[in-house]
There are 2 protein chains.
Amino acid sequence: MRPLIDAQKKLLPDLLDVMQKRYRILQYIRLMQPIGRRTLSGNIGISERILRAEVQFLKEQNLLSISSTGMVVTPDGEQLLQTLEDVMREILGLKDLETKLKRILPIEEVIVVAGDSDLSPWVKKEMGRACAARLKERMSSHSIVAVTGGTTLAAVAEMMTADPKQGDVLFVPARGGLGEHVENQANTICAKMAEKAAGNYRLLHVPDYLSNEAYQSLIEEPAVKEVLQLIQSANIVIHGIGDAITMAKRRKTPEEEMAKIIAGNAVAEAFGYYFNQAGDVVHKVQTIGIQLDDLRHVRHVIAVAGGASKAKAIEAYMKQAPRSVLITDEGAAKALVRESYPSP
Amino acid sequence: MRPLIDAQKKLLPDLLDVMQKRYRILQYIRLMQPIGRRTLSGNIGISERILRAEVQFLKEQNLLSISSTGMVVTPDGEQLLQTLEDVMREILGLKDLETKLKRILPIEEVIVVAGDSDLSPWVKKEMGRACAARLKERMSSHSIVAVTGGTTLAAVAEMMTADPKQGDVLFVPARGGLGEHVENQANTICAKMAEKAAGNYRLLHVPDYLSNEAYQSLIEEPAVKEVLQLIQSANIVIHGIGDAITMAKRRKTPEEEMAKIIAGNAVAEAFGYYFNQAGDVVHKVQTIGIQLDDLRHVRHVIAVAGGASKAKAIEAYMKQAPRSVLITDEGAAKALVRESYPSP
DNA sequence: CCCTGTGTGACTTATTATGTCCCGCTTGTG
DNA sequence: CACAAGCGGGACATAATAAGTCACACAGGG
């Protein structure tokens with residue numbers, strides 16, 4: 001297949017551009033459906049008229065249907081997107097980025113999605129879709145999936161779909177309160193993901209900052225204890241990676257902890273842990289649930305993070321996270337590659 | 001690969017047309033190089049202006065180079081043509097024809113080349129190229145290749161190329177004189193093929209129509225005997241298939257033999273044998289060299305014949321020629337398929 | 001030496017693609 | 001219930017591009 005694409009690149013590069021354009025349009029519509037022409041043209045950066053021509057074409061090809069509420073991808077279109085996914089990734093050079101990233105980072109697998117989530121918010125959804133697909137591959141009946149918070153994970157939850165093949169899947173939050181807003185809390189995302197995936201879920205109701213005594217007594221609560229046990233036996237963990245300072249600021253981090261984070265030159269954050277450039281833990285939020293060491297016993301660890309601004313955080317975190325699957329975007333991947341191959 | 005192409009077809013239906021067009025242009029140039037734009041545009045049936053645009057594009061892609069003597073395919077272009085050969089055949093529906101032919105005829109392998117050699121003489125060259133490629137696969141060091149005459153075989157000889165990998169290959173004419181013109185005689189073609197393939201050759205100098213006494217004494221000639229022995233031990237035979245009447249007329253066939261051929265309802269001819277519709281031998285030209293029965297002991301038998309007009313001849317001949325490789329063209333293949341699948 | 005075939009440039013014309021504006025409709029919301 | 005926002009679709013002018021045509025300079029072969 002590869003030689004065919006290369007040959008096509010040589011023989012008709014202009015047509016591949018067109019193909020790419022149409023693919024992207026269809027992909028967008030799938031992401032934001034139902035959506036109108038004008039809104040889409042604004043989002044995608046194509047003039048309305050040309051988008052209109054393309055849309056009309058795609059409609060004639062039966063790849064999308066078009067009603068007064070907006071445009072929707074048809075089953076035909078869905079299948080086309082799926083068939084062409086690998087090819088487009090190859091054409092866009094994402095495959096290339098993936099192999100380069102694999103050489104740079106000690107990871108098991110990496111998926112690079114087109115775009116930069118710093119610049120275009122919908123790219124997170126695309127990462128979410130990719131994550132959901134990989135998650136499905138790894139889920140089996142009675143799997144326990146632990147998830148963390150963050151906007152990226154929210155996107156993953158949103159793109160999750162139910163799969164009749166897999167039976168009872170249980171979603172749990174990976175760790176207790178970290179100080180996030182409600183929509184980004186692990187509990188919220190956990191519930192949403194379970195709902196979308198038609199699975200069950202258990203929540204962990206823990207106040208953000210506890211005194212030691214309260215903490216100890218809470219752990220002994222039967223309800224809490226049971227959930228904690230489930231969390232400990234999770235075989236899949238999905239988490240985001242954040243920029244340390246940004247995360248610390250977003251959470252209501254007390255001053256002395258903030259100082260500690262800054263003093264330690266933290267650059268990365270993941271489920272309540274702060275890491276410096278070398279991947280060493282600089283600080284951790286005191287809460288219950290999965291601890292960093294527990295990760296080593298979890299079969300599948302999936303990290304989702306994108307945007308050029310997160311490149312450094314991803315690099316730092318991954319240094320100490322072996323056997324992970326990383327799902328990122330073009331922006332972050334390019335930044336990472338650029339850094340490691342200084343010349344061109 | 002098929003789903004990929006289908007998906008691409010949906011996303012840009014004219015992709016294949018353009019690809020095919022450019023491929024064909026490049027292919028032509030390779031066939032007739034060096035060639036000028038105007039001559040090419042006449043031959044290929046594309047207006048000069050549009051050909052010019054395509055040629056310019058191909059030049060920019062470094063697939064052909066262009067000088068005052070005409071256009072030449074670059075190594076890059078050669079490689080591209082090679083890479084795309086399989087794909088293009090499939091796209092043009094040739095693969096489909098091949099599978100159908102395999103069901104109709106008792107043959108080991110069949111290659112169908114685009115076009116109809118009745119209508120376009122260059123298609124023979126393409127068959128020649130295909131034949132040369134298959135021949136290379138089957139040749140090993142010290143192979144002995146027996147070839148017959150005919151215009152098609154002349155094309156095969158012309159498209160033959162030397163391959164440094166294979167060592168001493170010997171070319172011999174399959175049978176003695178059959179009454180052909182010089183340029184279509186087995187001897188001529190044998191020599192040419194050997195020259196192109198950088199191999200050795202031995203010739204068989206036998207007058208066309210011999211008396212029985214002369215025939216017997218000639219066989220005993222040491223020089224002739226030696227060559228005959230080589231011919232007997234050939235492990236590859238390449239031959240053409242002709243329309244019986246056409247071939248008989250072209251050769252200076254005596255009246256009584258002509259009557260025999262016509263009376264027997266001969267439709268096919270191959271290396272001096274005439275066959276009726278059922279594949280039975282109706283007549284044979286009396287000459288030395290490989291006899292029909294000998295073919296069964298030859299490892300590789302390659303038959304080359306194209307053009308819709310030869311469809312019946314091919315069918316008749318193939319009925320009694322098992323384990324052969326057939327190289328034909330779209331015109332003949334379609335005619336054959338049409339005959340066997342009456343309805344559509 | 002001429003003549004044929006070569007590429008290249010230039011020009012006009014036809015076709016297509018694109019930008020722009022407007023209209024009637026559905027739909028969700030106040 | 002009514003309103004406005006967003007929707008698709010039609011229409012048209014214009015810019016951009018492709019395509020047809022001709023003329024010219026040059027190299028190689030008979």
Side-chain angles (χ1 to χ4, degrees), chain A residues 11-74 76-77 120-122 125 158, chain B residues 11-74 76-77 121-122 125:
Chain A
L11 208 52
L12 26 104
D14 42 349
L15 290 199
L16 284 194
D17 288 347
V18 177
M19 183 161 126
Q20 199 174 313
K21 182 172 68 182
R22 293 186 178 158
Y23 182 84
R24 218 159 67 104
I25 292 173
L26 205 59
Q27 198 181 25
Y28 263 75
I29 294 177
R30 176 175 65 174
L31 227 49
M32 312 173 77
Q33 61 187 325
I35 187 176
R37 241 192 297 120
R38 277 178 267 273
T39 318
L40 185 59
S41 80
N43 264 312
I44 212 170
I46 298 184
S47 96
E48 185 201 329
R49 189 59 182 79
I50 181 168
L51 176 74
R52 182 173 166 183
E54 296 299 347
V55 159
Q56 193 173 351
F57 166 83
L58 291 172
K59 179 191 161 199
E60 274 159 21
Q61 295 295 315
N62 225 323
L63 298 174
L64 58 84
S65 74
I66 175 170
S67 70
S68 62
T69 70
M71 301 174 287
V72 178
V73 176
T74 63
D76 275 21
S120 339
W122 62 80
K125 287 192 182 181
E158 200 179 325
Chain B
L11 218 47
L12 44 149
D14 48 358
L15 168 129
L16 289 187
D17 293 339
V18 178
M19 188 156 121
Q20 192 177 327
K21 183 173 69 181
R22 292 184 181 162
Y23 182 83
R24 219 158 66 103
I25 292 173
L26 208 57
Q27 199 181 25
Y28 262 74
I29 294 177
R30 177 175 66 173
L31 229 48
M32 311 170 78
Q33 60 188 326
I35 188 178
R37 241 189 294 122
R38 274 179 268 276
T39 317
L40 186 58
S41 81
N43 263 309
I44 213 169
I46 298 182
S47 95
E48 185 201 330
R49 191 60 182 79
I50 182 168
L51 178 73
R52 181 174 166 182
E54 294 299 347
V55 159
Q56 193 174 352
F57 166 83
L58 291 173
K59 179 190 160 197
E60 272 158 23
Q61 294 297 315
N62 223 325
L63 298 174
L64 57 82
S65 74
I66 177 171
S67 70
S68 64
T69 69
M71 301 175 288
V72 178
V73 176
T74 64
D76 275 22
W122 63 81
K125 286 191 182 180

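A, B, ... follow the sequence lines: proteins, then strands. Residue 1 opens every chain.
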Quiz prompt | Of A:Arg24, A:Arg49, A:Lys59, A:Lys21, the residue whose pairing with A:Glu54 passes salt bridge (charged side-chain N to carboxylate O under 4.0 Å, His left out) | solution = A:Lys21

Quiz item: Are OP1 or OP2 of C:dG7 and a side-chain N or O of B:Ser67 less than 4.0 angstrom apart?
Solution: no

Exercise. Give a yes/no on whether any side-chain N or O of B:Ser68 is located under 4.0 angstrom from OP1 or OP2 of D:dG28.
Key: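 It does not, given that no N or O in the side chain of B:Ser68 lies less than 4.0 Å from OP1 or OP2 of D:dG28.
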
Atom pair distance, as rounded to whole Å: [atom1] in [X] and [atom2] in [N]:
| X | N | atom1 | atom2 | answer |
| --- | --- | --- | --- | --- |
| B:Glu48 | D:dA18 | CD | C1' | 15 Å |
| A:Gln56 | D:dA11 | CD | P | 12 Å |
| A:Leu58 | D:dG8 | CG | P | 13 Å |
| A:Arg38 | C:dC25 | CZ | C1' | 12 Å |
| B:Ile50 | D:dT21 | CD1 | C1' | 15 Å |
| A:Glu60 | D:dG8 | CD | P | 15 Å |
| A:Glu54 | C:dA17 | CD | C1' | 11 Å |
| B:Ile46 | D:dG20 | CD1 | C1' | 15 Å |

Exercise. By nearest nucleotide on DNA chain C, pick out whichever of B:Arg49 and B:Ile35 is the more 5' one.
Key: B:Ile35

Quiz prompt | Whichever of A:Thr69 and B:Met71 has its nearest DNA chain C nucleotide further upstream toward 5' | solution = B:Met71

Quiz item: Quick one: does A:Leu11's side chain get under 4.5 Å of B:Leu63's, heavy atoms only?
Solution: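 When only atoms from C-beta onward are counted, B:Leu63 and A:Leu11 do touch, with a gap below 4.5 Å.
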
Quiz item: Hey, which of B:Ile46, B:Ile44, B:Ile35, B:Leu51 is the one that makes side chain to side chain contact (heavy atoms under 4.5 Å, CB included) with B:Tyr28?
Solution: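 By the side chain to side chain contact (heavy atoms under 4.5 Å, CB included) criterion, B:Tyr28 pairs with just one of B:Ile46, B:Ile44, B:Ile35, B:Leu51: B:Ile44.
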
Exercise. State whether the side chain of A:Arg37 and the backbone N or O of A:Arg52 hold a donor-acceptor pair below 3.5 Å, judged by distance alone.
Key: no

Self-check item: Short side-chain to backbone donor-acceptor contact, A:Arg30 and A:Val73, under 3.5 Å
Solution: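 Checked: no pair found.
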
Practice problem: Confirm from the modelled atom types if B:Arg52 and C:dG9 form a donor-acceptor pair under 3.5 Å, side chain to base only. | Solution: yes

Practice problem: Would you kindly check whether a donor in the side chain of A:Arg37 faces an acceptor in the base of D:dG6, or vice versa, at under 3.5 angstrom? | Solution: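 Absent.
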
